[in-house]
Amino acid sequence: MKAALLLVLTVWLNVQYGGCAFSSSCSLPPSKWCSSLDSAIQCGVLKQCLLSNFTRSHQTVEVGLYYESLCPGCRLFLTQMLLPTWVLLEEIMSVTLVPYGNAQKNVEGKYVFECQHGEQECLGNMIETCLLNMTDASAAYEIIHCMESANDVISAAKSCVDLFSPELKWESIDSCVNGDKGNQLMHQNALKTQALNPPHKYVPWITVNGAHTDDLQDKASTSLFSLVCSMYKGPKPAACGGSQRGFRSYSNNE
């Protein structure tokens, strides 16, 4: 029934608006093209957005990354494998980022976190946690990719926010990072990490559809693209195929 409705809507809108060629009048970033019917029409990607919604009626492959903001292996996997794969396979893949990793916490009136790579990593974890809570997923992923690709993750944060989400004020992020909201959000990350079964032994720790095995970790590290394409149960998108370089570098949970 849903497919039939989408087909009728596609045909009707193509007649009304003259096809789906990309429009140079589009002023929106790619992450916003399919955010509404008007934006899809304005940007000339109506057919693609409708097809994407149809594909999403099937269960997406859920990839979770439990990581630390300054862990070298985490940064490589996130920037060179996870987010590039998500850009290509967004219609069949969902991503959950949990910045916490091998941190420890103590309760002294509020939660206090000590991170494997020091205070700067705790700050990076907190900034990225607040970003994931304060903006939509696409914008958050773009900002985090920008941060983790930079030489200095923390110093790059504000300029990455200004570039990919200029409407988001840095003052509001800073308030989250240094306030009760950020503290509670990080506590939730701690609970999610501690609930992993099996318990994580290193980072990056990768789950696929909620599961972690050595085989899934190995396949995701070698070619997440191929893994997602092979595990998706619906009609395969045209993008499925090809290969990626593998990145395997871990920080042990000590």
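The number of heavy atoms from other shown groups lying within 6.0 Å of CD (Q184) is above 12. Residue-environment remark: CG (D180) stays at or below the threshold of 12 foreign heavy atoms within 6.0 Å. Environment of NZ in K158: sparse, with no more than 12 heavy atoms of neighbouring residues, nucleotides or ligands closer than 6.0 Å.
Remark: the backbone N or O of R75 is not paired with any side-chain donor or acceptor of E148 at under 3.5 angstrom. Under a 3.5 Å cut-off, the side chain of S230 and the backbone N or O of S226 do form a donor-acceptor pair. A distance-only check finds a donor-acceptor pair linking the side chain of Y141 to the backbone of V95 [under 3.5 Å]. Checking side-chain atoms of Q217 against main-chain N and O of P204 turns up a donor-acceptor pair under 3.5 Å. D218 places no side-chain N or O within 3.5 Å of a backbone atom of D214 that could act as its donor or acceptor partner. Looking only at distances, no side-chain donor or acceptor of K105 sits under 3.5 Å from a matching main-chain atom of A190. Within the 3.5 Å criterion, the main-chain N or O of T207 finds no donor-acceptor partner in the side chain of H212. Side chain of S172 to backbone of K169: a donor-acceptor contact under 3.5 angstrom is found. Without hydrogens or angle criteria, T135 side chain to A140 main chain gives no donor-acceptor distance under 3.5 Å.
Connection of L123 to W170 is established within a shared hydrophobic cluster, with ILVMFWY side chains joined at heavy-atom distances below 4.5 Å, either directly or through further cluster members. Residues L131 and L163 share a hydrophobic cluster, clusters being chains of Ile/Leu/Val/Met/Phe/Trp/Tyr side chains in contact below 4.5 Å.
Defined by atom type and a distance below 3.5 Å, a donor-acceptor pair is present between the side-chain atoms of S165 and E167. Counting only N and O atoms by type, the side chains of N102 and E68 include a donor and acceptor under 3.5 Å apart.
Two residues are said to be in side-chain contact when any heavy atoms from C-beta on lie closer than 4.5 Å; S221 and I206 meet this criterion. Between L196 and T193 the shortest side-chain heavy-atom distance falls below 4.5 Å. Inter-residue side-chain proximity for M231 and L216 is flagged as met; some heavy-atom pair is nearer than 4.5 Å. The shortest side-chain heavy-atom distance between M93 and V63 falls under the 4.5 Å cut-off. The closest side-chain heavy-atom distance from P99 to L132 is below 4.5 Å. Here the side chains of F77 and L224 are in contact, with some heavy-atom distance below 4.5 Å. Side-chain contact between C122 and M186 is absent, with no heavy atoms from C-beta onward closer than 4.5 Å. Inter-residue side-chain proximity for L89 and C229 is flagged as met; some heavy-atom pair is nearer than 4.5 Å.
Checked against the 6.0 Å centroid threshold, Y67 and W205 do not count as a close aromatic pair. Within the 6.0 Å centre-distance limit, the rings of Y111 and H187 are counted as a close aromatic pair.
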(request) Let me see the working for L65 and C74 under side chain to side chain contact (heavy atoms under 4.5 Å, CB included), right down to the final yes or no. (result) CA-CA 9 Å; L65 177 63; C74 300; 5.7 Å; no
(message) Please determine whether side chain to side chain contact (heavy atoms under 4.5 Å, CB included) holds for the pair L97 and L82, giving the CA-CA distance in whole Å, both sets of side-chain angles, and the decisive distance to 0.1 Å.
(response) CA-CA 10 Å; L97 298 180; L82 178 61; 3.6 Å; yes
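To the nearest 0.5 Å, atoms OG1 (T96) and NZ (K192) are separated by 7.5 Å. Between the CD atom in E119 and the CG atom in L70 there is a gap of 12.0 Å [rounded to 0.5 Å]. One distance of note links SG of C176 with CE of M126; it measures 7.5 Å at 0.5 Å rounding. Put simply, OG on S69 and CG on N125 are 4.0 Å apart, with the number rounded to the nearest 0.5 Å. Interatomic distance, C146 SG to L83 CG, rounded to the nearest 0.5 Å: 11.5 Å. Atoms CG and CD1, from L168 and I143 in turn, are 6.0 Å apart once rounded to the nearest 0.5 Å.
Taking both residues in full, the closest heavy atoms of A239 and F225 are given as O-CZ, 2.9 Å, listed atom of the first, atom of the second, then distance. The shortest non-hydrogen separation linking A156 to S159 is O-OG, 3.0 Å. Here the closest non-hydrogen pair linking A220 and M81 is O-CG, 3.8 Å. Closest non-hydrogen pair, V203 versus Y66, comes out as CG1-O, 3.5 Å. Pairing each heavy atom of A103 with each of C115, the nearest pair is CB-SG, 4.2 Å. E90 and S138 make their closest contact through OE2-OG, 4.0 Å (heavy atoms, listed as atom of the first residue, atom of the second, distance).
Among N183, V177, L185, the single residue meeting the side-chain contact (heavy atoms from CB on, under 4.5 Å) criterion with K181 is L185.
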